[in-house]
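I have placed the structure first, in the form of structure tokens, so that the comments after it can refer back to it.
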Amino acid sequence: MICINVTKVDGKINQLTIKGHSGSASKGKDIICSAVSAISQGGCNALENPKCFAFTCEDGLLDIKVIHEASIHDYQVLDTILIQLKSVEEVSKDYVKIVEKGK
């Protein structure tokens, strides 16, 4: 299962962690993992100031943490990533789980 943990501070995403593999199909044919990867990678590419973030990227793990106050644009990108991941979760509840903490 892909576990996605989101921590918010003052209504803004402060940390987004995506961990695991969906296991819905064999490696290279898993459309759920592909969707989550495309959303997260595309979102990271859309950040205008990546120096405001600490990234950890390994097999089965992407962790994005705000380390310096980010721009409104970058917070909107993080929100967009989360909205898109929620869309994947909606149709793949057996393979994707999102947990949100904070406000």
Side-chain angles (χ1 to χ4, degrees):
M1 174 169 280
I2 298 172
C3 298
I4 300 165
N5 292 300
V6 180
T7 304
K8 291 185 178 182
V9 175
D10 297 328
K12 300 176 192 170
I13 294 174
N14 187 57
Q15 187 167 9
L16 175 68
T17 305
I18 304 168
K19 188 174 184 179
H21 294 282
S22 77
S24 69
S26 61
K27 189 174 182 177
K29 297 184 181 193
D30 192 328
I31 195 164
I32 296 169
C33 277
S34 295
V36 170
S37 294
I39 291 165
S40 57
Q41 186 65 52
C44 288
N45 290 341
L47 294 169
E48 72 182 357
N49 191 356
K51 292 181 180 180
C52 291
F53 302 90
F55 297 93
T56 302
C57 188
E58 301 170 0
D59 184 39
L61 172 67
L62 174 62
D63 184 59
I64 306 166
K65 184 170 183 166
V66 178
I67 56 171
H68 301 292
E69 186 67 22
S71 67
I72 292 171
H73 171 272
D74 284 350
Y75 284 117
Q76 289 171 335
V77 168
L78 294 175
D79 288 336
T80 300
I81 292 169
L82 181 57
I83 290 166
Q84 292 174 328
L85 291 171
K86 285 180 177 181
S87 295
V88 174
E89 179 192 38
E90 184 70 28
V91 297
S92 308
K93 290 190 182 290
D94 291 339
Y95 302 103
V96 178
K97 179 176 179 160
I98 298 174
V99 175
E100 294 184 64
K101 299 174 189 167
K103 294 193 178 210

Residues which pass side chain to side chain donor-acceptor pair (under 3.5 Å) with Lys86, listed by chain and number, not counting sequence neighbours: Glu100
NZ (Lys27) with more than 12 external heavy atoms under 6.0 Å: no
Residues, nucleotides or ligands: over 12 heavy atoms within 6.0 Å of Asp10 CG: no
Atom pair CD1 (Ile67) and NZ (Lys51), whose distance is rounded to the nearest 0.5 Å: 11.0 Å
Heavy-atom donor-acceptor pair, Ser92 side chain to Glu89 backbone, under 3.5 Å: no
Ile31 atom CD1, over 12 foreign heavy atoms within 6.0 Å: no
Step-by-step side chain to side chain contact (heavy atoms under 4.5 Å, CB included) determination, Cys33 to Ile2: CA-CA 8 Å; Cys33 277; Ile2 298 172; 4.0 Å; yes
Backbone N/O of Asn49 and side chain of Asp74: donor-acceptor pair under 3.5 Å: yes
Residues Val9, Gln15; criterion side chain to side chain contact (heavy atoms under 4.5 Å, CB included); working and verdict: CA-CA 9 Å; Val9 175; Gln15 187 167 9; over 6 Å; no
Short side-chain donor-acceptor distance under 3.5 Å, Thr17 and Asn5: no
Donor-acceptor pair, side chain of Asp30 and main chain of Ser24, under 3.5 angstrom: yes
Side chain to side chain contact (heavy atoms under 4.5 Å, CB included) evaluation trace for Ser87 with Ile39: CA-CA 11 Å; Ser87 295; Ile39 291 165; over 6 Å; no
